[in-house]
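The structure appears below as structure tokens.
The figures that follow rest on heavy atoms only: side chains count, while hydrogens, waters and symmetry mates do not.
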Amino acid sequence: MFSVLTDRPAERLLRCTFGLFLFGLGISGIVRGDLGLAPWDVLHQGISEQTGIGLGVVIVIVGVLLLLLWIPLGERMGIGTVMNAVLIGVFVELTLPWLPETDGVASRVLYLLAGVMSIGIGSGWYIGAGLGPGPRDGLMTGLAKRGWSIRVARTGVEIAALGIGIVLGGKAGVGTAVFAFGIGPVVQVALPRLSMSAPEPDAIPVRPR
């Protein structure tokens, strides 16, 4: 059950939506670069390869399933949590067909770098909107409440996602490493510049990311 947003709701929703669009576009760019995906997207791609379901649809399905895990973990979701679970996959489905495939090394590297930048800046927009953490982030914090350190929880879950994805046929590679080392600095620069002031205490009853 969500509380009614009373602190600039339209602006927060627009910022969150735009950020999730950039996030989905970034995933599509990294896919087209074909140099290796982010750990979770290796899993998504592996499931897509095995089932024939579109990558964006898989992202939505996995996101919704992760939200179900929040229930026993006792995590509370915000409007942005649900938007994250649904819209990133939708935007991947919409943008991926419009990005041309390429065999050129330079263009593939450009796709990769642009994708990482797009995801990092998009994260700044949607996190900065203050509407709740993403499904994967809530999984980490839920595990942390049960005695795991955030570092161990994040690393362990992402390694598991990566390993399962590789077994299923998802592609890991240099792009996976570039994402792992590059996304943090981009978000660190983008987030302070794109964050809104904190919403009213009773407006969004969720834990910050």
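Within a 6.0 Å sphere centred on CD of Glu11, other residues, nucleotides and ligands contribute more than 12 heavy atoms.
For the atom pair Ile119 CD1 and Asp41 CG, the distance stands at 6.5 Å (nearest 0.5 Å). With rounding to the nearest 0.5 Å, the separation of CG in Leu131 from CZ in Arg15 is 11.0 Å. Between the CG atom in Leu113 and the OG atom in Ser118 there is a gap of 12.5 Å [rounded to 0.5 Å]. The CZ atom of Phe23 sits 11.5 Å away from the OG atom of Ser28 when rounded to the nearest 0.5 Å. The CE atom of Met196 lies 4.0 Å from the CZ atom of Arg12; values are rounded to the nearest 0.5 Å. Atoms CE and CG, on Met117 and Leu22 in that order, are 11.0 Å from each other to the nearest 0.5 Å.
A distance-only check finds a donor-acceptor pair linking the side chain of Gln45 to the backbone of Lys171 [under 3.5 Å]. Side-chain N or O atoms of Thr81 include none that pairs as donor or acceptor with a backbone N or O of Pro135 at under 3.5 Å. Looking only at distances, a side-chain donor or acceptor of Thr176 sits under 3.5 Å from a matching main-chain atom of Leu37.
In plain terms, the two heavy atoms of Gly54 and Ser48 that are nearest each other are C-OG, 3.9 Å. Contact between Trp70 and Gly134 at its shortest, heavy atoms only, is CZ2-O, 3.4 Å. Summarising the geometry of Gly120 relative to Ala190, their closest heavy-atom pair is O-CB, 4.0 Å, with the distance given to 0.1 Å. The shortest heavy-atom contact between Asp137 and Tyr126 is OD2-OH, 3.8 Å. Closest approach of Thr51 and Ile47 over heavy atoms only: OG1-O, 2.8 Å. Nearest heavy-atom pair across Gly19 and Trp125 is CA-CB, 3.5 Å.
The cluster map of Ile, Leu, Val, Met, Phe, Trp and Tyr, joined by side-chain heavy atoms under 4.5 Å apart, puts Leu110 and Ile121 in different clusters. When hydrophobic clusters are built by joining Ile, Leu, Val, Met, Phe, Trp and Tyr residues whose side-chain heavy atoms come closer than 4.5 Å, directly or via intermediates, Leu25 is not grouped with Leu14. Hydrophobic cluster membership differs between Phe18 and Val189, with clusters built from Ile, Leu, Val, Met, Phe, Trp and Tyr side chains linked at under 4.5 angstrom. No single ILVMFWY cluster, assembled from side-chain heavy atoms under 4.5 Å apart, contains both Ile159 and Val157. In the hydrophobic cluster analysis, where Ile, Leu, Val, Met, Phe, Trp and Tyr join through side-chain heavy atoms closer than 4.5 angstrom, Leu96 is grouped together with Leu94.
Considering only heavy atoms from C-beta on, Asp34 stays 4.5 Å or farther from Glu101 through its side chain. Side-chain atoms of Ile30 and Val116, non-hydrogen and from C-beta on, do get closer than 4.5 Å to each other. Within the 4.5 Å cutoff, side-chain heavy atoms of Val31 are placed close to those of Leu55. Within the 4.5 Å cutoff, no side-chain heavy atoms of Thr102 are placed close to those of Arg32. Side-chain contact between Val62 and Arg136 is present, with at least one heavy-atom pair separated by less than 4.5 Å.
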Q) Which is it for Leu20 and Asn84 under the side chain to side chain contact (heavy atoms under 4.5 Å, CB included) test, yes or no, and what are the steps along the way? A) CA-CA 7 Å; Leu20 296 174; Asn84 181 301; 3.9 Å; yes
Item checked: Verdict with reasoning, Ile59 to Glu93, per side chain to side chain contact (heavy atoms under 4.5 Å, CB included) -> CA-CA 10 Å; Ile59 292 173; Glu93 285 293 304; over 6 Å; no
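Side-chain contacts under 4.5 Å among hydrophobic residues (ILVMFWY), followed directly or transitively, place Val60 together with Val64.
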